[in-house]
Amino acid sequence: MDNEALMMIARFTYQARKLLGPVDSNSLVNNAEYRDEVFRKIDAEADEDLLILALNLRIKLGSLMTKSDVTAPEKPKETVVDNSRYNRGARG
């Protein structure tokens with residue numbers, strides 16, 4: 001995690017503490033259920049500055065994705081190899 005993300009987490013936990021009480025920064029980073037619960041409460045009750053900080057933090061932590069951001073992994077293309085002309089091996 002880069003320094004900017006750490007600073008953002010510290011700022012967020014400090015500002016969210018005024019609204020929600022203590023916020024566990026370790027659980028915020030590592031526990032998706034806890035993170036979603038905290039962000040849900042912030043969305044419902046916070047002021048504009050804290051909402052913007054929460055949205056930026058969600059983007060940093062990767063928990064804010066739209067359906068267009070999530071793509072299914074591509075399947076490898078199946079290649080058809082014509083082995084009919086290789087009948088003697090590499091040394092012929």
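Starting from 1, each residue takes its place in the sequence as its number.
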Does the distance from a Lys or Arg side-chain N to an Asp or Glu carboxylate O, for Lys41 and Glu45, drop under 4.0 Å? no
Could you tabulate the donor-acceptor pairs under 3.5 Å formed by side-chain atoms of residues 18-25, not counting sequence neighbours?
{"from": "Asp24", "atom 1": "OD1", "to": "Asn26", "atom 2": "N", "distance (Å)": "3.3"}
{"from": "Asp24", "atom 1": "OD2", "to": "Ser27", "atom 2": "OG", "distance (Å)": "2.7"}

Inter-residue atom distance Ile9.CD1 - Glu4.CD, 0.5 Å rounding: 11.0 Å
Cut-off 3.5 Å, no hydrogens considered: what does the side-chain donor-acceptor table look like for residues 48-56, sequence neighbours left out?
{"from": "Asn56", "atom 1": "ND2", "to": "Ile52", "atom 2": "O", "distance (Å)": "3.3"}

I'd like to know whether the aromatic ring centres of Phe12 and Phe39 sit less than 6.0 Å apart in this structure. yes
Between the CZ atom in Arg35 and the CD atom in Glu33, the distance rounded to the nearest 0.5 Å is 10.5 Å
Output the distance between atom CE (Met8) and atom CG (Leu61), rounded to the nearest 0.5 Å. 9.0 Å
Any salt bridge between Arg58 and Asp43, counting N to O under 4.0 Å? yes
